[in-house]
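In the text below, chain A, chain B and the rest are named by the order of the sequence lines, each starting its count at 1.
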2 protein chains.
Amino acid sequence: MAERAGTSTATVSLVVNGKTAGRVSQSNIDRVLAAVQELGYVVDHTASSLAKGTSNIVILVAPDLSNPFYGRVISGIKAELGNEYQLLLSVTGEGRNPSAADVHRLVALRPAGLLVEAPDDEFLRDLPAGAPLVLLDAPGRETQAPTVNFDLRGGIGALLDHLASQGHTRIGYLDSLTRTETFELRRKLIERGAAERGIDYVAIPEAASLISPEGAAAEFVRYWPRWRDAGVTALVCATDSHAYGVLGAARELGIRVPDTLAVTGFDNLPASAIVSPALTTVELPGEALGRGAVQALQAQRGMTADAVDPVEPAEPRSAADPARLAVPLIGARLIVRASS
Amino acid sequence: MAERAGTSTATVSLVVNGKTAGRVSQSNIDRVLAAVQELGYVVDHTASSLAKGTSNIVILVAPDLSNPFYGRVISGIKAELGNEYQLLLSVTGEGRNPSAADVHRLVALRPAGLLVEAPDDEFLRDLPAGAPLVLLDAPGRETQAPTVNFDLRGGIGALLDHLASQGHTRIGYLDSLTRTETFELRRKLIERGAAERGIDYVAIPEAASLISPEGAAAEFVRYWPRWRDAGVTALVCATDSHAYGVLGAARELGIRVPDTLAVTGFDNLPASAIVSPALTTVELPGEALGRGAVQALQAQRGMTADAVDPVEPAEPRSAADPARLAVPLIGARLIVRASS
DNA sequence: CTGAAAGCGCTTACAG
DNA sequence: CTGAAAGCGCTTACAG
């Protein structure tokens, strides 16, 4: 089409794709560029993808974007992705994981990469081969696909040390209803860490809600009597959103925080510094997670825009198990505020 | 490919697309279906789009998905879209609108529809023709493209009536920094509505922040002295997120809400019922907005999955201006809670 | 009802 | 350095 104002479609293709290095004369480059300007030409992404066998879109699959946490993950991804690739998001309903049908439709787009937040077994099983895949926040799945995780152990250890230093000897845990690995792991690490420190972990497995203040508030109202009667003086919540609900419900019930009950969360959402009392929380750096995921994608397939160095295979840091060592771990750290 | 187990690609195409009505024999249908099962065949979306000239993806372009408001818009869209179409989201950075380059990349995907939240002039100017377009929450742009808006007038009127009935005679407004039409309109309607009711509108145009509690809190701390000295006893905030920040800052400053200062928002986010004091707000039904947008898209191009009725041109309800009447308006209603 | 064939708009060896 | 040509995997008239 654009050849109308230049010469030959092959040349046009080379120019608009910046592959002119010693293959197209300057005069032709100029003519094509001029024509592009005039006609407002833009490469048809669909046709281009078909011909190349892959597109330039990267899809992030996340269960619930209304969680402000994802905002940071997204900006990390976009920052690292640059302009060559385009980020598109696919969301499922609140607390629901994407279905097999969703997955197929996604893969049929031939994405340059699929970034999946907190996948479940079913999703991974249904995933047809073909698209480069990176898992985010999926502890325990490192063997199934390249994964970027948080290093929760350190943050949770610091949290428990802090609670112990405040004199707490019995703690409760308000879980997330979302059945994802990360919450599973949080619970286990808390339970185990408590035991190691001689803290009683008062388990009420039913105490769990979706990631929202309302749901958490309702659960807290329901189970607070049991925690109180069991002598719980500190409640660890699965996310900051859960903690907000607990803070609100505690205020309604006239429970003083942190005097009667200390409350903590995970994430360090922006609002956590300004809720009252300000929330003690284990910070999960979403932006770093997003960046790490893109890097893992790039490592997987020479996806680098400017083909920096010919990807030199990284020297294994140890003889043990290079594959394991390669799993990027994003540090989580404790932030102490007034709620504990 | 899949013909290996059946016969002819044309037949396969007809079957997988469900266009068999009197065109394919039952025995062939069965054979194709069986082959699809066996090989796990899935239509290549890219090639299909190229051949058909359009894809089955609908793209929602929104400035900031971390605002929980969009969660509702998204579920409304998905519910109305059904399974034939796939929703993908494109986000820009916080408070930033998509650029011309973004727009082109989006259109190059040949989306079945482009849903754009709160677009600005530049975006609309750069938008290449081609993709069916619907604007969401873009008052004043009804002439540029099919648009679905909130009917803010009623909700704002009710809000001002309520404030007046509580004895407030001087009000302030904490604006959004995001330069979009909807905020422009909120401000104007408040200013005008106040005048009509004999309420003083104390204008501080600089008092504005991005849609986040932190930003709003900082602005409030900064401008509260001026509002107070001007005799302001009620502060209307551009969104609930702004109001949360004000509530938090007011508590820090020892300002009693609502005794010393009444605070209100817009949106009715889930958390608004549980913040303390609970927030009076003008509810903006995001889900209905999303549904309305998809309906507008479908009306625009026979996008209906099952081709219900041959789109009968709706009878104009009045002789006045059918085009204007066609703009769907989603009602906004006041919800009174303890903060005012 | 069915298959052969053209065409969607690009990209990429390939021969000059 | 440049253009003619094949091919990416589908869909859709078209002729049987």
Given C:dC10, C:dT12, C:dG3, which nucleotide is nearest the side-chain atoms of A:Ala47? C:dC10
Short side-chain to backbone donor-acceptor contact, A:Arg105 and B:Asn83, under 3.5 Å: yes
If you check every side-chain atom of A:Val24, which of C:dC1, D:dT2, D:dT11 has the closest atom? D:dT2
Is there side-chain contact between B:Leu87 and B:Ile74, with at least one heavy-atom pair below 4.5 Å? yes
Proximity to the side chain of A:Ser13 - top-ranked nucleotide from C:dT11, C:dT2, C:dG7: C:dT11
Interatomic distance where CD1 belongs to A:Ile29 and C1' belongs to D:dT2 [whole Å]: 13 Å
Using atom OH of B:Tyr41 as one end and atom C1' of D:dG9 as the other, report the distance to the nearest whole Å. 7 Å
Please figure out whether B:Thr46 or B:Lys19 has its closest DNA chain D nucleotide nearer the 5' end. B:Thr46
Closest of D:dT11, C:dC10, D:dT2 to the A:Asp44 side chain is C:dC10
Side chain of B:Ala51 - closest among D:dG9, C:dT2, C:dA4: D:dG9
d(B:Leu88 CG, B:Leu115 CG) to nearest 0.5 Å is 12.5 Å
Any B:Thr9 side-chain N or O less than 4.0 Å from OP1/OP2 of C:dG3: no
Out of C:dT11, D:dT12, D:dG3, whichever nucleotide has its closest atom nearest the side chain of A:Thr11: D:dG3
Please confirm whether the shortest side-chain N or O distance from B:Ser49 to OP1 or OP2 of C:dC8 is below 4.0 Å. no
Map B:Lys52 and B:Thr20 onto DNA chain C by nearest heavy atom, then report which one ends up closer to the 5' terminus. B:Thr20
For A:Leu14 and C:dA13, give me the distance from atom CG to atom P, rounded to whole Å. 11 Å
Closest of C:dT11, C:dG9, D:dT11 to the A:Ser48 side chain is C:dT11
Winner on side-chain proximity to A:Arg110, out of D:dC8, D:dG3, D:dT2, is D:dC8
Rounded to whole Å, please give me the gap between CG in A:Asn17 and P in C:dA13. 13 Å
Please identify which of these residues, A:Ile59, A:Leu109, A:Val58, meets the side chain to side chain contact (heavy atoms under 4.5 Å, CB included) condition with A:Leu114. A:Ile59
Below 4.5 Å, heavy atoms only, C-beta onward: do B:Arg141 and B:Glu181 meet side chain to side chain? yes
Between D:dC1 and A:Asn28, is there an OP1 or OP2 to side-chain N/O distance shorter than 4.0 Å? no
Separation of D:dT11 atom P from A:Leu50 atom CG, nearest Å, is 11 Å
Quick one: is D:dG3 close enough that its OP1 or OP2 comes under 4.0 Å of any side-chain N or O from A:Ser8? yes
Rounded to whole angstrom units, what separation is found between the CZ atom of A:Arg23 and the C1' atom of C:dT11? 10 Å
Any strand, both distances under 3.5 Å, Watson-Crick or G-U wobble: C:dA15 pairs with D:dT2
Whole angstrom is fine here: how far is it from NE2 in A:His45 over to C1' in C:dT11? 14 Å
Decide yes or no on side chain to side chain donor-acceptor pair (under 3.5 Å) for A:Thr46 and A:Ser49, but give the supporting numbers first. CA-CA 5 Å; A:Thr46 304; A:Ser49 301; over 6 Å; no
